[in-house]
Amino acid sequence: MSITQKIKMVIKMTNNKEYWRKRFTELEKAQNKQSDKYLKLLKEEYDKSLIKIEKDITNWYTRIADNNEISYTEAKKLLDKKELKEFKWTVEEYIEKGKENAINQKWMKELENSSARVHIEELNAIKIQIQNELENLYDRQNKGVENLLKQQYEDTYYKSIYEIQKGLNQFEKVQKINTEKINKIISKPWTTDNQTFSDRIWKNKNELVNTLQKELTQATIRGDDIHKVTKKIEKDFEVSKGKAGRLVMTESAFFSSAGQKESFNSLNVKQYEIVATLDTHTSEICQKLDGKVFDMKDYEVGITAPPFHCWCRSVTAPYFNDEFTEGEQRIYRDEERKSGYVDSKMSYQEWHNKYVENEIKFKVKKKPKHIYTKVQLEEMAKKANNIVKNYTNNESKWSGNIILTKNKTVKEWNCDISVDEYCSLDMLIHEQLHSHSISYYDRQTYKENWKIEEATVQLLTQEICKRNKISYIESEYDKMVNTLRAINKKAKLYKNDLKLAKELIKIPVTERIDFLQQKVYNKAIENISVEEYQKIFKKIEEFLI
């Protein structure tokens with residue numbers, strides 16, 4: 001039987017639209033779970049900020065109230081010298097934290113101006129405290145949504161390709177999606193008002209800031225009881241949380257749909273079908289569009305493709321008609337145009353590992369100057385291995401092989417090390433350390449813990465190079481390394497960063513973040529203030545995926 005005949009046979013077997021509808025509905029449910037999980041965390045962030053703001057307002061009321069009757073005149077009085085000094089300390093902390101977390105520069109400038117004022121009103125001081133908490137909350141939301149949308153787009157792209165290849169029982173290499181392309185896609189407005197998700201987040205922030213500040217002023221003028229004020233604030237936060245929920249679910253639905261469209265186009269799918277979730281909650285428009293088939297050239301979000309409305313649960317599925325010719329084959333071919341048939345029970349992760357991702361790259365910001373032969377590189381690799389053995393007791397999983405390649409230095413998953421002619425000793429030390437660490441696990445474990453793994457390995461690489469007078473190249477992981485150094489310095493975990501790195505690499509990669517958190521917690525009990533403890537914990541959270 002020819003390849004064309006085999007493909008035709010498989011198409012007939014899978015040309016049951018219920019198969020495709022079911023597979024892509026399940027995919028949509030999985031993506032929704034991911035969005036729901038983030039939304040739950042986001043709502044917890046809102047609750048934490050609400051508690052902080054209520055506490056600040058309660059403290060403020062307590063300071064200036066008389067028998068629970070607050071005077072507007074009293075509230076507007078200037079801070080005395082002691083209070084002003086304390087306020088300036090607080091603002092300086094805001095500024096420092098804002099710089100660490102890259103909060104928008106406009107607000108940072110306002111904080112600096114506030115800190116520089118000789119006089120400031122009590123009422124304005126509490127307004128600044130409220131706005132700063134909201135600036136931080138919405139900045140975290142902005143970064144969180146951005147990461148979610150990138151992940152949704154990428155996941156849907158790969159998983160849609162996987163489902164189609166699995167349905168056709170034919171798995172082949174696919175082009176790895178470009179990170180820069182994803183960044184451009186999610187930063188481009190897609191709605192008629194020409195606003196991005198980030199524009200909407202900051203618009204919602206401004207609305208909440210204005211609402212809270214206006215209501216606080218009016219409550220002060222009326223002399224409202226503190227409980228009445230906090231109840232109103234809680235109601236405002238619920239409204240804002242609702243807006244955040246709608247934004248997260250609608251934006252994630254759009255970018256999941258965009259990732260799916262990209263996958264269909266990459267596999268040359270010609271048509272797609274609308275699949276609605278049919279129950280009592282299904283909108284009228286989705287009921288009417290369910291089962292409709294469109295050409296890919298007519299794919300337009302909101303018109304012929306979901307999301308059709310807020311909280312839309314409709315999805316698209318590939319549609320194959322009965323005609324199938326060799327010239328219309330929809331599956332990617334690799335560079336040599338080879339195709340093959342494999343076990344249809346292959347899991348998504350197995351497929352992704354084999355056909356999309358197969359390496360851990362050491363990312364450098366600029367190339368080393370020296371060019372080496374393979375023999376020289378093999379000697380350097382052995383030297384790096386001997387050096388590394390002095391800094392960790394973990395057994396190396398390195399195969400002993402050096403593979404000369406182009407434009408990459410990686411520790412392959414078969415434990416070979418691939419290098420190019422520009423490789424340097426510090427890069428080989430980095431990869432050898434991976435052989436003592438992440439090589440004990442699989443690709444999925446790396447994907448889930450890559451930040452703390454790369455930070456640990458690069459920190460130890462830098463410390464080894466310093467002590468052995470080896471020059472090291474600036475890496476994209478250096479920012480994470482600096483975060484580890486800052487944690488060690490602020491929490492005083494170890495006497496130096498080498499000790500920290502050596503301890504971290506001993507710990508299984510899946511437990512390193514918990515280990516750090518526990519160490520900081522133990523120190524907090526001894527001699528770290530609550531405020532400092534919270535700052536350090538925020539830094540540790542940067543390693544969470």
Side-chain angles (χ1 to χ4, degrees), residues 171 173 176 342 346-364 368 372-465 468 470 472-473 475-477 480-481 501-512 545:
F171 294 90
K173 290 285 186 182
K176 190 166 185 177
V342 295
M346 177 182 284
S347 70
Y348 168 72
Q349 195 54 53
E350 289 171 336
W351 172 85
H352 193 278
N353 293 341
K354 184 172 182 179
Y355 293 103
V356 180
E357 247 179 27
N358 60 3
E359 57 191 30
I360 304 172
K361 291 188 177 181
F362 180 86
K363 300 178 181 180
V364 295
Y372 300 99
T373 65
K374 185 179 180 182
V375 173
Q376 289 173 319
L377 290 167
E378 288 172 341
E379 289 301 316
M380 285 169 60
K382 291 175 183 177
K383 180 178 180 181
N385 189 38
N386 290 332
I387 293 172
V388 164
K389 287 178 181 178
N390 296 320
Y391 294 88
T392 175
N393 292 325
N394 298 353
E395 183 182 348
S396 174
K397 295 291 184 178
W398 178 39
S399 67
N401 295 329
I402 288 294
I403 311 299
L404 192 59
T405 59
K406 287 186 178 180
N407 301 320
K408 68 176 182 179
T409 296
V410 301
K411 195 283 297 177
E412 305 281 5
W413 284 106
N414 64 0
C415 288
D416 292 346
I417 294 180
S418 294
V419 297
D420 64 15
E421 58 189 357
Y422 292 97
C423 186
S424 57
L425 184 56
D426 68 301
M427 294 165 71
L428 284 166
I429 290 172
H430 181 101
E431 300 307 334
Q432 290 288 11
L433 284 169
H434 276 313
S435 296
H436 289 263
S437 179
I438 199 64
S439 290
Y440 284 84
Y441 305 91
D442 57 17
R443 295 178 182 87
Q444 182 61 23
T445 304
Y446 173 76
K447 188 175 181 180
E448 293 170 355
N449 300 277
W450 73 269
K451 287 186 178 180
I452 190 64
E453 167 68 9
E454 295 295 350
T456 300
V457 166
Q458 186 60 5
L459 174 60
L460 188 49
T461 298
Q462 289 183 3
E463 292 301 310
I464 289 173
C465 288
N468 291 274
I470 299 168
Y472 59 88
I473 301 165
S475 162
E476 289 186 16
Y477 303 130
M480 294 188 293
V481 169
K502 289 171 70 175
E503 287 298 314
L504 282 178
I505 207 163
K506 284 182 188 177
I507 307 299
V509 69
T510 53
E511 300 172 15
R512 280 180 203 161
I545 304 298

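Counting from 1, the numbers follow the sequence of the chain as shown. No experiment lies behind these values; they were computed from the predicted model shown. These numbers come from the heavy atoms of this one structure, side chains and all, not from hydrogens, waters or symmetry mates.
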(request) Would you indicate whether N393, at its atom CG, is surrounded by more than 12 heavy atoms from other residues, nucleotides or ligands within a distance under 6.0 Å? (result)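 Count not over threshold, so no.
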Find the distance between [atom1] ([X]) and [atom2] ([Y]) and round it off to the nearest 0.5 Å.
X	Y	atom1	atom2	answer
T461	E431	OG1	CD	8.5 Å
L425	H430	CG	NE2	13.5 Å
K389	N394	NZ	CG	13.0 Å
Q458	M480	CD	CE	9.0 Å
I505	L433	CD1	CG	4.5 Å
D426	S475	CG	OG	9.0 Å

(request) Check the side chains of E379 and Y372 for a donor-acceptor pair under 3.5 angstrom, ignoring hydrogens and angles. (result)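 Side chains of Y372 and E379: no pair found under 3.5 Å.
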Any donor-acceptor N/O pair, [X] side chain to [Y] backbone, under 3.5 Å:
X	Y	value
E378	I402	no
N468	I464	yes
N449	I452	no

(message) Which residues pass the side-chain hydrogen bond (donor to acceptor under 3.5 Å, both in side chains) test with S399, not counting sequence neighbours?
(response) D416
(request) Mind checking side-chain hydrogen bond (donor to acceptor under 3.5 Å, both in side chains) for S418 and listing every partner two or more places apart, or none if nothing turns up? (result)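 So S418 forms a side-chain hydrogen bond (donor to acceptor under 3.5 Å, both in side chains) with E412.
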Pairwise side-chain contact, [X] with [Y], heavy-atom cut-off 4.5 Å (strictly under):
X	Y	value
H436	N385	yes
V419	I417	yes
I470	I429	yes

(message) side-chain hydrogen bond (donor to acceptor under 3.5 Å, both in side chains), that's the test. Do E463 and Y472 meet it? Break it down for me.
(response) CA-CA 10 Å; E463 292 301 310; Y472 59 88; over 6 Å; no
(request) Can you spot which of T392, L460, T456 makes a side chain to side chain contact (heavy atoms under 4.5 Å, CB included) with K502? (result) L460
(message) If the threshold is 4.0 Å, N to carboxylate O, is there a salt bridge linking E453 and R512?
(response) yes
(message) side chain to side chain contact (heavy atoms under 4.5 Å, CB included) for Y477 and K451? Distances and angles first, verdict last.
(response) CA-CA 8 Å; Y477 303 130; K451 287 186 178 180; over 6 Å; no
